[in-house]
Trainee: 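Structure below; questions to follow.
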Amino acid sequence: MGQDRLSQSKLDYNLLFILFLMAIVSAIAIHSAEATLPEKLQNVNFAYKQLQWYAIGAGVIALTMIIDYDRFFQIAWYLYGFGMLLLLGLELNVPGTMTIKGATSWYKLPGGNFQPSELMKIFMIIVLSRIIVNHREKYPEPTIKDDFRLLGKIALTVLPPLILLAKQPDLGMSMVFVAITGSLVLVSGIRWRIIFGIILSVVAVVATVVFIFFQFPDFFHKYIIKEDYQLNRFYGWLAPYEYSNEQGFQLIRSLLAIGSGELYGKGFGNLQVYLPEAHTDFIFGVISEQFGFIGASVVVSLFFLLVYRMVHIALESNDLYGSYLCAGVIGMITFQVFQNIGMTIGLVPITGLPLPFISYGGSSLATYMLAIGLVLNVHSRTKKFMFSSDE
């Protein structure tokens, strides 16, 4: 006679311990960066405020885990609609909106600034996961036509927020939405030849744009990219030393800080290179200068362990919706880590995306913690079946 035994774990303490280590790294890095901030920010204890946000994030994780993630499946479209209303409010400049560095991306709240696109990332993961699950249930053996039908559903869902983000404008956040979509498409069961076709099409479009830029610059500036500040990012990335006083200033300072740290770093608090936005966008440069290649490697290793643990949870889940939620979170965090570290070393253009869990930021950190809460929610409700037989 066979006998089924069911065990259900509650918390993934490995994942929580990694978050604890990241909180320590974040507080140390931000505290050391405070001395390099402009005079008007010298009286603000950003490290303490970051730990406060971590405490708030812990509460967000707890609240997220109370609700069965199947409930998010049920209200996915309501969350999507709420997020779209917040983004539309920015486009319509309703009272309370804020414009920072040319981007109208924030609401002014009593406790600080709130960026609705951060929350919309989570809503996008939730609703896209639902779309894919519903499609796979309806078409258990999909044809090529069914795959294109799923791509159409995904595109129609992702395009509205992308259009609103492009108008803000917020290139970095738009790229995160594309990364989330791409990660979920990769695991959605769509045929690989279709995915490769999409990738080749994107490469062709990019190559065409580059060709037009060099061969027909007037047409490029008039019809493709009209704003100079959008081009400045690419000028500062491709030729930073030619634009060292303007577009390339941030990248040059970042490279100097990271390179001067060498293997072991200059030591805690010994920051000799001025970095703009040291406590937010360029926190990786602060860590590299003080603790060198070894310290930077520790940070990268923590992210590797974080992603590895989330992948394990996604594969372990016996529910498709839970696995897709994890995949979306993995895509979001992995891309932002790659983009932030990549821009500090000149690998990709500077977009202003913070380093998850390390850079100072209220709404962004709360969003990451909410995402981790979803992953922990999936883990806590994953059922493990053990089968044994009596001889």
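In this chain, residues are counted from 1 in sequence order.
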Trainee: Is Tyr13 atom OH crowded by more than 12 heavy atoms from other residues, nucleotides or ligands, each under 6.0 Å away?
Mentor: no
Trainee: Under 4.5 Å between side-chain heavy atoms, counting indirect links through other Ile/Leu/Val/Met/Phe/Trp/Tyr residues: same cluster for Ile163 and Phe82 or not?
Mentor: no
Trainee: Using the rule that Ile, Leu, Val, Met, Phe, Trp and Tyr join whenever any side-chain heavy atoms are under 4.5 Å apart, tell me whether Val286 and Phe249 fall into a single cluster.
Mentor: no
Trainee: Go through the structure and list residues passing ring pair (Phe, Tyr, Trp, His ring centres under 6.0 Å) with Phe72, not counting sequence neighbours.
Mentor: none
Trainee: Look at the side-chain heavy atoms of Ile, Leu, Val, Met, Phe, Trp and Tyr, link any pair under 4.5 Å apart, and say whether Tyr78 and Leu63 land in one connected group.
Mentor: no
Trainee: Which value, rounded to the nearest 0.5 Å, describes the distance between Leu119 atom CG and Met124 atom CE?
Mentor: 11.5 Å
Trainee: Kindly compute the distance separating CZ (Arg130) from CG (Leu128), expressed to the nearest 0.5 Å.
Mentor: 12.0 Å
Trainee: Within this structure, what is the CG-CE distance for the pair Leu305 and Met22, rounded to the nearest 0.5 Å?
Mentor: 8.0 Å
Trainee: Is there side-chain contact between Leu15 and Ile313, with heavy atoms separated by less than 4.5 Å?
Mentor: yes
Trainee: Please report the shortest heavy-atom distance between Ile287 and Ala29, naming the atom on each side.
Mentor: CG1-CB, 3.7 Å
Trainee: Counting only pairs under 3.5 Å, give me each side-chain donor-acceptor contact of residues 197-205, with atom names and distances, residues two or more places apart or in other chains.
Mentor:
unit_1	atom_1	unit_2	atom_2	d
Ser201	OG	Gly197	O	2.8

Trainee: Output all residues satisfying ring pair (Phe, Tyr, Trp, His ring centres under 6.0 Å) with Tyr324, sequence neighbours left out; order by chain, then residue number.
Mentor: none
Trainee: At what distance, to the nearest 0.5 angstrom, does CG of Leu186 lie from OG1 of Thr181?
Mentor: 11.0 Å
Trainee: Side-chain heavy atoms under 4.5 angstrom apart, residues restricted to Ile, Leu, Val, Met, Phe, Trp, Tyr: same cluster for Ile56 and Met369?
Mentor: yes
Trainee: So how far is it from Met84 CE to Phe123 CZ, rounded to the nearest 0.5 Å?
Mentor: 12.5 Å
Trainee: Check step by step if side chain to side chain donor-acceptor pair (under 3.5 Å) holds for Gln50 and Ser26.
Mentor: CA-CA 8 Å; Gln50 181 78 342; Ser26 178; 3.0 Å; yes
Trainee: Might you point out which heavy atoms bring Val300 and Phe284 nearest each other, and give the distance in Å?
Mentor: CG2-CE1, 4.3 Å
Trainee: Evaluate the side-chain proximity of Ile345 to Ser254: yes if any heavy-atom separation is below 4.5 Å, no if none is.
Mentor: no
Trainee: Please list all pairs meeting side-chain hydrogen bond (donor to acceptor under 3.5 Å, both in side chains) that have one or both residues in residues 299-312, counting only residues at least two apart or in different chains.
Mentor: Asp12-Arg309
Trainee: For Arg191, check salt bridge (Lys or Arg N to Asp or Glu O under 4.0 Å) against everything at least two apart and list the hits.
Mentor: Asp147
Trainee: Should the ring pair His279 and Phe46 be called parallel, tilted or perpendicular, given that the plane angle runs from 0 to 90° and is split at 30 and 60?
Mentor: tilted
Trainee: Can you tell which of Asn14, Leu19, Leu21 makes a side chain to side chain contact (heavy atoms under 4.5 Å, CB included) with Phe17?
Mentor: Leu21
Trainee: Just verifying a value: how many Å separate Met175 CE and Leu353 CG, rounded to the nearest 0.5 Å?
Mentor: 7.0 Å
Trainee: Evaluate the side-chain proximity of Gln339 to Val348: yes if any heavy-atom separation is below 4.5 Å, no if none is.
Mentor: yes
Trainee: Is any side-chain heavy atom of Asp146 less than 4.5 Å from a side-chain heavy atom of Lys138?
Mentor: no
Trainee: So, do Ser183 and Ile330 sit near enough that their side-chain heavy atoms are less than 4.5 Å apart?
Mentor: no
Trainee: Which atoms form the tightest heavy-atom contact between Met65 and Gly373, and what is the distance?
Mentor: CG-O, 4.0 Å
Trainee: Taking all atoms of both residues into account, what is the closest heavy-atom pair of Pro240 and Ile252, and its distance?
Mentor: O-CD1, 3.3 Å
Trainee: Tell me the side-chain hydrogen bond (donor to acceptor under 3.5 Å, both in side chains) pairs involving residues 58-70, sequence neighbours left out?
Mentor: Asp68-Arg381, Tyr69-Asp319
Trainee: Would you find a donor on one side and an acceptor on the other, under 3.5 Å apart, between the side chain of Ser188 and the backbone of Val185?
Mentor: yes
Trainee: Which residues satisfy the ring pair (Phe, Tyr, Trp, His ring centres under 6.0 Å) test with Phe73, sequence neighbours excluded?
Mentor: Tyr321
Trainee: Does Thr157 form a side chain to side chain contact (heavy atoms under 4.5 Å, CB included) with Trp77? I'd like the steps, not just the answer.
Mentor: CA-CA 10 Å; Thr157 305; Trp77 287 109; 3.8 Å; yes
Trainee: Using the salt bridge (Lys or Arg N to Asp or Glu O under 4.0 Å) criterion, which residues pair with Arg71? Sequence neighbours excluded.
Mentor: none
Trainee: Output every pair passing salt bridge (charged side-chain N to carboxylate O under 4.0 Å, His left out) with a member in residues 283-299, not counting sequence neighbours, ordered by first then second residue.
Mentor: Lys266-Glu289
Trainee: For Ile28, enumerate each residue passing the side chain to side chain contact (heavy atoms under 4.5 Å, CB included) test, keeping only those at least two apart in sequence or located in another chain.
Mentor: Ile24, Phe268, Phe291
Trainee: Using the rule given for side chain to side chain contact (heavy atoms under 4.5 Å, CB included), can you reason through Glu242 versus Gln247, listing the C-alpha separation, both sets of side-chain angles and the distance that settles it, and then say yes or no?
Mentor: CA-CA 9 Å; Glu242 293 182 18; Gln247 297 93 332; over 6 Å; no
Trainee: Answer whether the closest heavy-atom distance between the side chains of Ile122 and Met332 falls below 4.5 Å.
Mentor: yes
Trainee: Do Phe282 and Arg253 have side-chain heavy atoms sitting under 4.5 Å apart?
Mentor: no
Trainee: Taking only residues two or more places apart in sequence or in another chain, which ones pass ring pair (Phe, Tyr, Trp, His ring centres under 6.0 Å) with His135?
Mentor: Tyr139
Trainee: Can you check side chain to side chain contact (heavy atoms under 4.5 Å, CB included) on Ile195 and Trp192, steps first, answer last?
Mentor: CA-CA 5 Å; Ile195 295 176; Trp192 279 101; 4.2 Å; yes
Trainee: Is there a donor-acceptor contact under 3.5 Å from the side chain of Ser32 to the main chain of Gly269?
Mentor: no
Trainee: What are the two closest non-hydrogen atoms of Leu87 and Pro161, and how far apart are they?
Mentor: CD1-CB, 3.9 Å
Trainee: Output all residues satisfying salt bridge (Lys or Arg N to Asp or Glu O under 4.0 Å) with Glu34, sequence neighbours left out; order by chain, then residue number.
Mentor: none
Trainee: Please examine the side chains of Asp281 and Met343, heavy atoms only from C-beta on, and report whether any two atoms are closer than 4.5 Å.
Mentor: yes
Trainee: If you take all heavy atoms of Tyr80 and Leu156, which pair is closest and at what distance?
Mentor: OH-O, 4.5 Å
Trainee: Examine Val94 and Phe114 and state if one hydrophobic cluster contains both, with Ile, Leu, Val, Met, Phe, Trp and Tyr joined whenever side-chain heavy atoms are less than 4.5 Å apart.
Mentor: yes
Trainee: Apply side chain to side chain contact (heavy atoms under 4.5 Å, CB included) to Ser260 and Val273, showing your working.
Mentor: CA-CA 9 Å; Ser260 64; Val273 179; 4.1 Å; yes
Trainee: Measure from the side-chain N and O atoms of Thr334 to the backbone N and O of Gly331, and report whether any donor-acceptor pair falls under 3.5 Å.
Mentor: no
